[in-house]
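I have placed the structure first, in the form of C-alpha cells, so that the comments after it can refer back to it.
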Amino acid sequence: HFSFYSLLYLSLCEDKDKDNICLENDDCPNVAGTQIFNGCTSAIDVRADLHQVGSEKIPLSGLLLNIYDKSSGSCASNIGISHENYPQIFLTCPSIIQKYSDNNGYMRIGITPGNYLVIGGDGTNKHLGVSVGNVNPGEAVEKYLQLLIHTNKSIEVRINTTVKQT
C-alpha cells in the first residue's frame, strides 16, 4: 500500500518508461519492467567469492561487473567468447551495464531478454568471467564466480549456474 509520502516521492522522481521505478534505481530506463528485476524484465544474479584452499571463502565486495551482449554479430561475439579473450572484450567492447558487487559479493543486474556475458574485475589476468547464455523474460539467472587459490599459489576460476523463473 502507498502512503502520502511514497506517492509524493514517486511523483518527484524521473521515470522515463513509466514503470514506477525511479531512474536512479532503473537498470532498464527505456523498457518498462518490474521492481524485482530493477526495472527490467529479467535479471542476472552474480555472487563472487575468493577462496584460498584451506581457508574460508571471502566475498569479493566492490568487484566491477560488466554485462556484455554476446549474440551473433556483437563486439564480444566477434572477438570470441573465451576466457582468454575476456581482457580484450573488457577493454574493447561497450558494456550494456556496469555495477559493483555489494559487501556480500552479490549483485542483481536487471536486463532485458538476450544472450549475455559477465566479466568482473579490471580486465587483467585477475578478472572473473562467465558466459550467461540466453536469458528469457521473467527469468533470474544465478551465476556464482569463485576465484580459487590453491596452496601451491595456482589460481582457478570456477562457475556455477542456476535459472529461476520468477
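These numbers were taken from a predicted model, which means no experiment stands behind them.
- The two residues Phe90 and Tyr68 have their closest heavy-atom pair at CA-OH, 3.3 Å.
- Using modelled atom types, one finds a donor on one side chain and an acceptor on the other under 3.5 Å when comparing Tyr144 with Gln146.
- Distance check: Gln98 CD to Ile109 CD1 gives 10.5 Å after rounding to the nearest 0.5 Å.
- The cluster map of Ile, Leu, Val, Met, Phe, Trp and Tyr, joined by side-chain heavy atoms under 4.5 Å apart, puts Leu50 and Tyr106 in different clusters.
- Arg108 approaches Lys99 most closely through the heavy-atom pair O-NZ, 3.8 Å.
- Taking all atoms of both residues into account, the shortest heavy-atom contact from Ala140 to Asp45 is CB-OD2, 4.0 Å.
- The CD1 atom of Ile119 sits 9.5 Å away from the CD1 atom of Ile67 when rounded to the nearest 0.5 Å.
- When all heavy atoms are compared, the tightest approach of Ile21 to Asp15 is O-OD1, 3.2 Å.
- For the residue pair Val31 and Asp17, the shortest heavy atom distance occurs at O-OD2, 2.5 Å.
- Of the inter-residue distances, the one linking Asp27 atom CG with Ser42 atom OG reads 12.0 Å to the nearest 0.5 angstrom.
- Summarising the local packing, CD of Glu84 is surrounded by more than 12 heavy atoms from other residues, nucleotides or ligands at distances under 6.0 Å.
- Not a single donor-acceptor pair under 3.5 Å links the side chain of Asp49 to the backbone N or O of His51.
- In this structure, Lys143 contributes its side chain and Ala48 its backbone to no donor-acceptor pair below 3.5 Å.
- Side-chain polar atoms of Gln88 and Asn85 form no donor-acceptor pair below 3.5 angstrom.
- Under a hydrophobic clustering in which Ile, Leu, Val, Met, Phe, Trp and Tyr are joined whenever their side-chain heavy atoms come within less than 4.5 Å, directly or via other members, Leu63 and Ile97 fall into the same cluster.
- The NZ atom of Lys16 sits 6.0 Å away from atom CG of Leu23, with the distance rounded to the nearest 0.5 Å.
- Rounded to the nearest 0.5 angstrom, Asp26 CG and Cys40 SG are separated by 6.0 Å.
- With Asn38 contributing its side chain and Ala43 its backbone, the two residues share no donor-acceptor pair below 3.5 Å.
- Looking at Ser77, its side chain never comes within 3.5 Å of a backbone N or O of Ser74 through a donor-acceptor pair.
- Nearest heavy-atom pair, Ile96 versus Asp69, reported as atom, atom and distance to 0.1 Å: CD1-N, 3.4 Å.
- Atom CD1 in Ile44 sits 10.0 Å away from atom CG in Leu65 (nearest 0.5 Å).
- Tested against Lys70 for a side chain to side chain contact (heavy atoms under 4.5 Å, CB included), the candidates Ile89, Asn115, Val132, Ile79 yield a single pass: Asn115.
- In this structure, Ser61 contributes its side chain and Asn104 its backbone to no donor-acceptor pair below 3.5 Å.
- Tyr116 places none of its side-chain heavy atoms less than 4.5 Å from the side chain of Val141.
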